[in-house]
Amino acid sequence: MSPVTRRSSFPKVLIERDSDSEQSSSEEELEEEEILHHEQNGFTENEKTQKLELGFDVNRKGKTPITIALKKVCKVCKKPGHEAGFKGATYIDCPMKPCFLCKTPGHTTLNCPHRVTSEHGVIPAPRRKTSKPLEYVFERQLRNDIPSMKPKNVIPDQVNCAVIRYHSRRITSLEFHPTKNNILLSGDKKGQLGVWDFEKVHEKVVYGNIHSCILNNMRFNPTNDCMVYSASSDGTISCTDLETGISSAPMNLNPDGWQGPNTWKMLYGMDINCEKGLVLVADNFGFLHLVDMRSNHRNSDAVLIHKKGSKVTGIHCNPLQPDILLTCGNDHYARIWDMRRLEAGSSLCNLAHTRVVNSAYFSPLSGNKILTTSQDNRLRIWDSIFSNMESPSREIVHSHDFNRHLTPFKAEWDPKDPSESLAVVGRYISENFNGAALHPIDFIDISTGQLVAEVMDPNITTISPVNKLHPRDDILATGSSRSLFIWKPKEKSEPVEEKDERKFVDCGKAEKKRKKKGDHSDESDDEGISKLKKFKSKAKQTEWKLSRCSTKDNC
DNA sequence: ACTAAATGAGCCC
DNA sequence: TGGGCTCCCTTTAG
């Protein structure tokens with residue numbers, strides 16, 4: 001819902017005596033701050049200042065009546081004269097702070113040079129000019145040889161079906177089934193694993209006993225697509241049978257349980273080296289661990305691959321040469337490694353960023369390009385891992401600033417794009433779309449920095465940091481808060497027939513209540529549904545076909 | 001219609 | 001190197 005009217009209740013009082021130097025400034029979120037003055041203090045009148053007479057002081061001995069000044073101050077910089085926050089569905093930045101989008105001072109998001117109406121935040125940084133021979137060869141010869149086959153991008157821009165409040169906590173990872181086109185796996189902050197058949201919509205299950213906290217990453221076993229490996233902040237790798245939900249833990253880095261935050265290991269980045277039959281996984285202390293898939297046991301010792309004590313956020317094996325490894329982490333680097341010579345400090349290449357790197361991926365087909373997402377609000381692209389890697393070929397300003405309460409944003413390649421230039425990434429800052437503040441999902445041509453498409457739906461009011469494009473079909477899967485959405489292209493959308501209409505499965509509290517009552521009629525007065533109806537009327541959308549949870553799962 | 005809490009990185013000392 | 005504080009568009013449960 002759009003944050004239209006945000007009124008605070010009667011403001012709390014901050015009392016400032018003239019002799020009192022101590023301030024209790026715990027009320028940071030106050031839009032209005034009161035300063036209590038004696039009248040003789042004589043503050044300057046402000047248009048936004050109100051005065052109140054206070055009676056209680058009159059009774060005090062020798063004290064004159066005092067007045068209260070209600071001064072509107074900016075909630076960001078605490079200074080008067082301007083206010084930051086939502087005006088309707090548009091967020092007004094604090095002008096005293098650097099631009100929220102590109103992080104440079106002197107302007108706000110509204111007039112940021114990286115923000116154009118049609119190309120929000122995605123103007124490419126100028127391509128660096130080098131006179132390096134390799135670069136020259138690349139530009140003059142190789143680049144021309146690369147077929148500029150850029151078929152028109154097919155953008156899945158319309159929500160086809162959804163499971164609302166499917167998970168009990170926010171979604172942290174998504175993975176399409178490698179062979180079954182209609183199966184989507186989802187992991188959440190609680191460690192639960194969801195398996196959803198989005199063609200049948202109702203067919204879904206959530207396994208709740210695989211991990212005890214954040215499920216950060218999933219990979220299918222390349223030799224048995226019924227088994228899936230998952231890496232979790234509980235410090236374990238699990239291997240789960242999707243049919244039964246039975247899982248084993250080939251690795252547990254916290255065998256002695258909780259001994260405090262200094263020793264608790266969490267697993268983030270994970271990938272599989274098919275040739276070697278290895279699961280590669282990295283922890284929050286900078287170490288890489290290996291699990292042999294055949295024996296399902298840990299393999300050799302851990303190797304320090306990022307700054308000691310810092311989190312490794314991602315691992316990706318090169319699609320053509322799985323021995324070439326790309327990692328990224330909280331030490332502000334993405335690093336390239338050779339598995340055959342893996343020891344601390346032996347990285348082939350270190351790609352510097354100014355802030356934490358959320359993800360780093362080789363391009364999906366040739367493995368020749370690299371795309372990284374960093375918390376400095378920039379996507380970085382290296383066009384060829386065989387050319388000069390000192391600085392990225394392109395930097396694209398894009399709002400995906402990290403908020404600690406969100407799953408980190410990761411720009412993902414389109415695995416179907418033969419030109420390896422299309423990427424999808426959720427956007428953090430909202431845009432005013434017909435009166436609703438929505439956070440679109442951006443499709444970006446990373447070879448130019450152009451925003452190809454921004455997709456949104458008035459029903460998705462939460463931020464969508466987790467996105468995955470289908471390996472074969474024109475489908476986008478989105479994890480937004482606790483809900484999952486499947487997008488398909490508008491032009492390919494089925495005609496409006498009853499059975500083909502978009503589908504919503506609501507697994508929320510209201511739905512549970514309704515199921516308890518044994519009421520399965522579509523006419524029932526349902527909190528979740530009436531909420532949806534509100535959305536609908538607001539968005540002037542066509543009627544959504546609401547399908548119901550009929551399974552006995554624990555969603 | 002509220003609010004507290006969950007929670008992580010950066011920065012300063 | 002580490003504790004303590006701060007933080008601009010969150011989300012939800014209660």
Side-chain angles (χ1 to χ4, degrees), chain A residues 1-10 12 25-31 73-79 82-103 105 108-110 112 115 120-121 164-165 167-172 188-190 213-214 216 233 260-262 264 266 268 284 307-311 313 329-332 353-358 374-377 399-409 426-433 436-440 460-466 479-483 508-510 512 527-528 531:
Chain A
M1 207 98 35
S2 70
V4 200
T5 47
R6 296 170 134 204
R7 289 300 328 142
S8 57
S9 54
F10 191 81
K12 293 162 196 171
S25 56
S26 59
E27 308 298 333
E28 288 169 3
E29 298 300 317
L30 279 188
E31 277 182 17
V73 296
C74 171
K75 68 173 180 181
V76 175
C77 70
K78 313 284 185 292
K79 292 197 178 77
H82 65 274
E83 280 176 88
F86 276 104
K87 285 266 186 299
T90 306
Y91 191 92
I92 308 298
D93 274 3
C94 168
M96 310 301 281
K97 293 276 180 170
C99 171
F100 194 57
L101 174 57
C102 74
K103 307 298 177 196
T108 64
T109 313
L110 278 177
C112 175
R115 178 198 181 165
H120 182 105
I164 306 299
R165 301 180 199 90
H167 284 266
S168 53
R169 289 289 182 271
R170 63 164 207 254
I171 285 156
T172 51
D188 72 19
K189 198 167 96 61
K190 236 180 159 182
C213 59
I214 315 179
N216 290 305
S233 290
N262 295 333
W264 184 258
M266 304 190 245
Y268 287 86
N284 57 329
K307 187 181 169 190
K308 200 170 184 183
S310 76
K311 184 198 290 179
T313 52
N330 277 19
D331 62 355
H332 301 187
H353 295 67
T354 63
R355 294 251 256 129
V356 164
V357 190
N358 293 343
S374 170
Q375 287 185 29
D376 62 3
N377 265 2
S399 172
H400 49 255
D401 202 359
F402 194 84
N403 174 313
R404 66 181 163 210
H405 309 293
L406 295 176
T407 305
F409 290 86
R427 194 193 299 172
Y428 180 38
I429 51 176
S430 64
E431 197 80 43
N432 185 341
F433 292 101
L438 301 176
H439 308 265
I460 311 177
T461 55
T462 46
I463 293 171
S464 307
V466 193
S480 190
S481 187
R482 295 167 49 192
S483 306
K509 233 193 309 181
K512 271 187 192 163
E527 184 195 315
K531 259 187 190 168

Under the rule for salt bridge (charged side-chain N to carboxylate O under 4.0 Å, His left out), what residues qualify as partners of A/D401, not counting sequence neighbours? A/K103, A/R355
Of A/C99 and A/T462, whose closest DNA chain C nucleotide lies nearer the 5' terminus? A/C99
Could you check which of [options] has an atom nearest any side-chain atom of [X]?
| X | options | result |
| --- | --- | --- |
| A/V356 | B/dA9, B/dT7, C/dC8 | B/dA9 |
| A/L406 | C/dC8, B/dG8, C/dT10 | C/dT10 |
| A/T109 | C/dC7, C/dT10, C/dC9 | C/dC9 |
| A/S481 | C/dC9, C/dT11, B/dG8 | C/dT11 |

Calculate the interatomic distance between [X] atom [atom1] and [N] atom [atom2]; express it in whole Å.
| X | N | atom1 | atom2 | answer |
| --- | --- | --- | --- | --- |
| A/M96 | C/dC7 | CE | C1' | 18 Å |
| A/N284 | B/dT7 | CG | P | 14 Å |
| A/K189 | B/dT7 | NZ | P | 4 Å |
| A/N377 | C/dC7 | CG | P | 19 Å |
| A/I429 | C/dC9 | CD1 | P | 12 Å |
| A/K75 | C/dC7 | NZ | P | 13 Å |
| A/N262 | C/dG2 | CG | P | 8 Å |
| A/K307 | C/dT1 | NZ | C1' | 10 Å |

Describe the nucleic acid contact of A/P261 in one word from base, sugar-phosphate, nothing, applying a heavy-atom distance below 4.0 Å. nothing
Is there side-chain contact between [X] and [Y], with at least one heavy-atom pair below 4.5 Å?
| X | Y | result |
| --- | --- | --- |
| A/N358 | A/T313 | no |
| A/P465 | A/H400 | no |
| A/T109 | A/Y91 | no |

Would you say the side chains of A/N330 and A/S310 form a donor-acceptor pair under 3.5 Å? no
Quick check on DNA chain B: between A/H332 and A/H405, whose nearest nucleotide comes earlier from the 5' end? A/H405
Is there a side-chain contact between [X] and the phosphate of [N], meaning an N or O under 4.0 Å from OP1 or OP2?
| X | N | result |
| --- | --- | --- |
| A/N330 | B/dA9 | yes |
| A/R482 | C/dA13 | yes |
| A/R355 | B/dA9 | no |

Taking the C1' atom in each of B/dG10 and C/dT11, what is the distance between them to the nearest angstrom? 23 Å
Between C/dC9 and B/dC11, how far is it from one C1' atom to the other, in whole Å? 23 Å
